[in-house]
Amino acid sequence: MPVIASPTHYLFQIVREGITFLACTQVEMPPLMAIEFLCRVADVLSGYLGGLNEDLVKDNFVIVYELLDEMIDNGFPLTTEPNILREMIAPPNIVSKMLSVVTGNSSNMSDTLPGATASCVPWRTTDVKYANNEVYVDLVEEMDAIINRDGVLVKCEIYGEVQVNSLLSGLPDLTLSFANPSILDDVRFHPCVRFRPWESHQILSFVPPDGQFKLMSYRVKKLKSTPIYVKPQLTSNDGTCRISVMVGIRNDPGKTIDSITLQFQLPPCVLSADLTANHGAVDILSNKMCSWSIGRIPKDKAPSLTGTMVLETGLERLHVFPTFQLGFRIMGVALSGLQIDKLDLKNVPSRLYKGFRALTRAGEYEVRS
Amino acid sequence: MFPHFGATSDTLSKASTMVFRIGTDAHLYDDPEDVNIAPLLDSRFDSEKCEALKRLLALIAQGFDVSNFFPQVVKNVASQSLEVKKLVYLYLLHYAEKRPNEALLSINCFQKDLGDPNPLVRAWALRTMAGIRLHVIASLVLVAVGKCARDPSVYVRKCAANALPKLHDLHLEEHTSAIEEIIGILLNDHSPGVVGAAASAFASVCPDNFSLIGRNYRKLCHILPDVEEWGQIILIGILLHYVIARHGLVKESIMFSLHGKEKSHSEKDDSDGNFALDDSGDISMVNVSELANVVSRSYIEGLDEYITRSSYSNRVSSDVNGTQFTSGKSNDDVKILLQCTSPLLWSHNSAVVLAAAGIHWIMAPREDVKRIVKPLLFVLRSSNASKYVVLCNIQVFSKAMPNLFVPHYEDFFVCSSDSYQVKALKLEILSSIVTESSITSIFKEFQDYIRDPDRRFAADTVAAIGLCARRLPKMANTCGERLLALTRKEFLSSDGGSANEDASVLIQAIMSIKSIIKQDPASHETVIIQLVHRLDSIKVPAARAMVIWMVGEYSSLGEIIPKMVATVFKYLAWCFTREALETKLQILNTSIKVLSCAKGEDLWTFKRLSSYLIELAECDLNYDVRDRARFFKKIFSHNFGSQGLEEETNSLPQMKDLSHVLAECFFRKQTKAAASEPINDRFYLPGSLSQIVLHAAPGYEPLPKPCSLPGDELIHFSNSNKGTTALGEELTYSNSSGTDDPDTSGSLDEESASNYDSQQSVTGSSDSGGNDDSASEGNFNIDPLIQISDVGNASNNQNGASQSDSTDLGDLMSKRVLESWLDEQPGSSNPSTSVQSQVRRSSARISIGNIGRQVKAKSHTLLDPANGNGLKVDYSFSSEISTISPLLVCLEVFFQNCSSESMLDITLVGDESNKAFDSADQALAMAESDVPTLVPMEKITSLEPGQIRNRILQVRFHHHLLPLKLTLSCNGKKLPVKLWPDIGYFIKPLPMDMETSIDKESRLPGMFEYTRSCTFTDHIGELSKDKSESLLVKDKFLVICESLALKMLSNANVVLVSVDMPVAADLDDASGLRLRFSSEILSTSITCLITITVEGKCSEPLNVSVKVNCEETVFGLNLLNRIVNFLAEPSSNHL
């Protein structure tokens, strides 16, 4: 439960990589605000520590304390913009660590208030200087799909993000436009995006933060096809169940599909399973989670997984069925078909490198059996 | 599977983290106490202090109590290193409430830091000082917040806004108005970041003070998209509450269904045309609009109203009438709000999206509400926790207005990664938005869900199918058949190991079928028959009981069932003993039901069977079953038994009727009564915590009563809104403040007064050298007591230069900015020189001689004759200064014998309990323990009746506010008395000339300067007395000066330095009159300057602002409070 009502307090919790972030209140407040803030704390911490686990938090407990103190004041978020935080409290990096070992001086607090706190673009660090001005725009898409047990594509949509890595001097002003913005079903923006140009011309106009950030996220609904098919078959009688799963390419996206994995949870009534695959490796983890890592689909054969499962005693046939979660990655293609038209920059020296990339991977891609 | 490999990977990751741990604070965490922390804290090196503090922090993190280091840590608050400061602050905030006395030691450092040129230092000092939360320093913090609210740095202003709720939490009534005033200033800030924080302060401090919002409403709306996300969430809620209180609800919105149901119904039909799918049938439509009605009503009413409503649930009318609605199309305020919140639906923060959606849900016209749908659905793609919260809200939306979400049913399809709660919510939403066009695909989904390994979820799915059937009566048949097919499948598996979980699916399936049949029993005859046929294979007791219930309920339905009943009944009687409790009870009930409506031949069979059953039941092991059997036997006795039936019915016809009626009552009515239950659920505002936990969380505020805010306030708001744009306007505005709200204009007056004051003091300081004794061209009579000097028209350049003289030239620029800010007073957020010079006036300086003889010290009662057996003891503070120690205060004590007998041996001695100092003063007390509390007074050996004797007493007060306990002995008796200190006599006069005074004042800016205002009325009596009695009319200004000075000198041990008098055309306007006093604190010899500035008309009560400049902040503030108190109280003993 994300929101828990105890007799005296209300608790909000999120779990990230095994670490629970907990907030509590005694009075009415927007619950999403607490949850969203906890998510932000988790993001900032993992950005600072380069991951999240108990050891990392312990090892950097001073930074964690300092960050929390800066991020929230008397129960209200104070500074949550990662750029400003980075300027106030230096993240631990290899150089500073070495320096601290050598000199014994380990201050990570900045002496001055970041200029950005006062500017009208609080997300942008002031006085950025780069020798080479570069800006990279990545379209990162995740495909969510549900294929029901009849093999029908029930739902297929793309959740995409426009990720920008801006390494630009000064105060650049960028405009990004798409060739086919009409396919976007809905959008959400980074605070830096100006609403007006989008409302009128569907153009993204913004002063970017420094470094990597998520400019926009979008959704494209009602896609008609998926790149990969998964055909599970389960037949059971006399207390055993035969399983066979075939995986193959349905629509070639034009680029190689790699990192294909298939995961499924064995039903609780399965006592043991013996699974083999003609390609890739099959693992059964302790919590009855099966994972079949296929990698790339070979040209000569269609990968398939076969095996038998022994059911609980007294159970003749299987009556609950697993759901298969597919994972894959396709570099260089945005399956939604969204295309970037152009990226214009103002207030930037003429020497500039612009880079564009695209990537599609599976999101919540489910095949039911 | 591979435990070995698991272990290696674990060690591998451990090893790799070991590498990364070099240079981190890991070693401090692992073993924080491997070195002695105490000496490190006292080290000269910041790095060692840092390490010590980090170790303490590690101990705190691990749950140890390290508050015993408090005094040592607090000392380090003065460190220059920011990292040390930050760590000390962290520690301090953690333990301050536990060790309040030691925490006070840090206050002076904070005060100093608040004047630091580095905004980060100022902000941190403010945050920590406010975070310590001690009542003692509340007034100090308030002053600090007031200053920081005008800081040039956005960050500091933001922290000031955040500090206000901390202050408010202390529940100090006297500060409330000041806090709200600061909130008003911050809400008007030009930086969006500050406005956001101010909004949050507003929401937690004074959510009902809509005048603050009204003043800036438009501006707040326009700034909303630029406010940072967290502030947006709060600000949206505030604006919503304000608009409803001000303009009422919107006629075109969903909230209108509140009343005039018929009207809204027709309108709704119109708007429904916009949505593609609407054929959901009449029953559900009525339900839905009723639900919308309930939802909208719940948003407005508080808990008490909810209770009254639920007790009179049929009350449709409400006291809200049509005038409380406004049109969203014509009302600009509403339009702007909706316009400014709609881009927020694109925010990347889901809380903002939900807040914006909530405001559109309540305020937007019905046809526009659909714009919230896609953003809300998009939020579902964010984290799992927020998914749950958003779904909870969508659930309410979709119930009140299903059409909104009908086209988007695919978004509610369940993923295997969803948590159970999310799945359940999705099912509920799906079943409330299902339509005939979508039911096929939704059903397909449901069938997949039934095969889900999570059986609880599968059972919920079955329940959802039942709900769908209820919503779409046309589809009921299909649903029923699907469910039936399911039950068939479930029987097969119900023997299996996981039967327990599957049983719930089966029970739920039968329950759903039951509810479908209930709607229209006649058309589902076949379903009943099929179920009954399968009764033998249904093993789960609860499911069995339900099927048996159906047999009884529908025993006379249609053609086939009545024929079957007898057979079924025989079967039931046969297996009765093997049934579970639940089923047994239901069989008994059914037997009575069947019996009561049986006719002809069957009646005989049923009677025999029933009596057999009752007999069986009477011998049952379970007492519930036995009770039930006996009960039936008593009531329906004539129905049972094979013999004597005829005569019984003949002899007792009434009895038989009665039993029939009873049976009817017991069993028939049930089905009908459940048909339409009034919806009594309570709904809470969208996006609120209460809506998630489904009870009103503390602090939950429903929407305000529509139009509860009087309209005329708005006119005033727009006035003041203009007023704040330019300083000059503000001044004229406040001068002509006849018609306005007294509160607001009062505070504005105050602001402009003090603003004026600061300018005057600055000009004085720059020009005093040259103009001191120059003659003047004053246009009023020169009294011999007055020397006039012109101090007007100073130039601003000079002014700036003279200020920076005293500062370090190295960082002149930043310091000057800072100083000008520190000198700045309320209301002058954007001072422009042109405006300033307009309001500057000339002034003359006078001095008042021989006022000293009129000074009369105020007398206090130490002992009342009623308590002291006729001994009356009064005391007054004397202006004499103790020769023994500077810590002693001199008092003159008067002993008077009011009795008829003489008194002997009167003396005053210190109370023993004074020795037990509280710990805060301990340090002080130890150091100065050689000074006695009370210098022994000369004993009065005898006091005759009516005689008055006086004695000089020298007392050392331990605290300048708390009373000193003394013991008065008289005639051998001891009486406890309390001696109240007067802070006005903890100082002694410090004669100085004008220049020194001004110079000193300029050296005590910022944190060492405190201002308060009050009303002064003493002079009125004086003036009227002059008019009536004396022929020689004294100058009004002089009268005011004299009465002010007299009041000051009679109540505090100060010396009058100078009097500045305005030279203005208007002789009745005393504004600008200024008196300066100087003194020094007895014990520490710290200079303490008091400046009194007068504002207002001579013959009316004057607005007096008192300024104290003193390095000792706590003392200064208390002195200021004392001065304001005695100035404001009307003088009792007139001259």
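What you see below is based on every heavy atom in this structure, not just the backbone, and it leaves out hydrogens, waters and symmetry mates. Chain A is the first sequence line, chain B the second, and so forth, proteins listed ahead of strands; every chain is numbered from 1. Model, not experiment: these values are computed from the prediction.
For the atom pair A:R149 CZ and B:Q447 CD, the distance stands at 7.0 Å (nearest 0.5 Å). Rounded to the nearest 0.5 Å, atoms CG (B:D226) and CZ (A:R194) are 10.5 Å apart. The structure places CG of A:D69 at 4.5 Å from CG of B:L90, a figure rounded to the nearest 0.5 Å. Taking CE from A:M1 and OG from B:S419, the interatomic distance works out to 8.5 Å, rounded to the nearest 0.5 Å.
The pair B:E229-A:R40 meets the salt-bridge criterion, since a charged nitrogen lies less than 4.0 angstrom from a carboxylate oxygen. Here B:K158 does not pair with A:D73 in a salt bridge; the nearest charged N to carboxylate O distance is not below 4.0 Å.
Your options are A:D186, A:V27, A:T323, and the one with the most heavy-atom pairs under 4.5 Å with chain B is A:D186. If you tally non-hydrogen atom pairs under 4.5 Å between each of B:L377, B:D169, B:V353, B:V352 and chain A, the highest count goes to B:L377. Taking B:Y89, B:Y420, B:Y449, B:F45 one by one and counting their heavy-atom pairs under 4.5 Å with chain A, the maximum is reached by B:Y449. For the set B:A458, B:G196, B:A197, B:A61, the entry with the most heavy-atom pairs within less than 4.5 Å of chain A is B:A61. Ranking A:V15, A:L38, A:D185, A:V152 against chain B, the residue ahead of the rest is A:D185, based on heavy-atom pairs under 4.5 Å. Annotation: maximal heavy-atom pairing with chain B below 4.5 Å, among A:V3, A:T25, A:T80, occurs at A:T80. When B:E410, B:R381, B:K374 are compared by the number of non-hydrogen pairs under 4.5 Å with chain A, B:R381 comes out ahead. The most heavy-atom pairs under 4.5 Å with chain B, out of A:K221, A:M33, A:K155, come from A:M33. Most heavy-atom pairs under 4.5 Å with chain A, from the set B:P192, B:G699, B:C415: that is B:C415. In terms of non-hydrogen atom pairs under 4.5 Å with chain B, the most contact-rich of A:V154, A:D144, A:V187 is A:V187. The choice from A:W198, A:F76, A:Y218 that makes the most heavy-atom pairs within less than 4.5 Å of chain B is A:F76.
Residue A:Y65 touches chain B through both its backbone and its side chain, counting heavy-atom pairs closer than 4.5 Å. At a 4.5 Å heavy-atom cutoff, B:R55 makes no contact with chain A through either its backbone or its side chain. If you measure heavy-atom distances from A:R368 to chain B, the contacts under 4.5 Å come from the side chain alone. Heavy atoms closer than 4.5 Å to chain A are found in the side chain of B:E228, but not in its backbone. For B:L57, the parts lying near chain A are the backbone and the side chain together; criterion is any non-hydrogen pair under 4.5 Å. Of the atoms belonging to B:V194, not a single heavy atom falls under 4.5 Å from chain A. Using a 4.5 Å cut-off between heavy atoms, B:V414 contacts chain A through its backbone alone, with no side-chain atom that close. With a 4.5 angstrom heavy-atom cutoff, A:L68 does not touch chain B via any of its atoms. Only the side chain of A:K222 comes within less than 4.5 Å of a heavy atom in chain B; its backbone stays farther off. Of the atoms belonging to A:S217, heavy atoms from both backbone and side chain fall under 4.5 Å from chain B. Of the atoms belonging to B:V390, it is side-chain heavy atoms, and not backbone ones, that fall under 4.5 Å from chain A. Only the side chain of A:E366 comes within less than 4.5 Å of a heavy atom of chain B; its backbone N, CA, C and O stay farther away. Contacts of B:K387 with chain A are made by side-chain atoms alone, with heavy-atom separations under 4.5 Å and no backbone atom involved. Heavy atoms closer than 4.5 Å to chain A are found in both the backbone and the side chain of B:I60.
Judged purely by atom type and a 3.5 angstrom limit, B:R451 has no side-chain atom pairing as donor or acceptor with the backbone of A:V320. Formation of a donor-acceptor pair under 3.5 Å by the A:E28 side chain with backbone atoms of B:S690 is found in this model. At distances below 3.5 Å, not a single donor-acceptor pair connects side-chain atoms of A:E66 with backbone N or O atoms of B:K86.
The closest side-chain heavy-atom distance from B:P698 to A:Q26 is not below 4.5 Å. Looking only at side-chain heavy atoms (C-beta outward), A:L78 and B:N162 come within less than 4.5 Å of each other. Within the 4.5 Å cutoff, side-chain heavy atoms of B:D411 are placed close to those of A:E157. Side-chain contact check for A:I35 versus B:Y388: every heavy-atom pair is 4.5 Å or farther apart. Between A:R188 and B:S347 there is no side-chain heavy-atom pair separated by less than 4.5 Å. Between A:V62 and B:L87, the closest side-chain pair of non-hydrogen atoms falls below 4.5 Å.
Note: A:Y10 and B:H695 meet the aromatic proximity criterion, with ring centroids under 6.0 Å apart. Taking the six-membered ring wherever Trp is involved, the centroid distance between the rings of B:W230 and A:F37 falls below 6.0 Å.
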Margin query: Determine whether B:R127 and A:E70 satisfy the following criterion, salt bridge (Lys or Arg N to Asp or Glu O under 4.0 Å), listing intermediate values before the conclusion.
Written below: CA-CA 11 Å; B:R127 279 179 63 186; A:E70 193 52 49; 3.7 Å; yes
Next item on the list: For B:Y155 and A:M88, run side chain to side chain contact (heavy atoms under 4.5 Å, CB included): C-alpha distance rounded to whole Å, both residues' side-chain angles, the deciding distance at 0.1 Å, then the answer.
Entry: CA-CA 12 Å; B:Y155 185 75; A:M88 289 179 120; 3.5 Å; yes
Next item on the list: Give the C-alpha distance, both sets of side-chain angles, the deciding distance and a yes or no for side chain to side chain donor-acceptor pair (under 3.5 Å) between B:S416 and A:Q325.
Entry: CA-CA 9 Å; B:S416 56; A:Q325 281 124 26; 2.5 Å; yes
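Contact between A:P31 and B:I692 at its shortest, heavy atoms only, is CG-CG1, 3.7 Å. Taking each heavy atom of A:L32 and B:S350 in turn, the nearest pair found is CD1-O, 3.5 Å.
Between A:F195 and B:W346, the ring-plane angle classifies as tilted under the 30° and 60° cut-offs.
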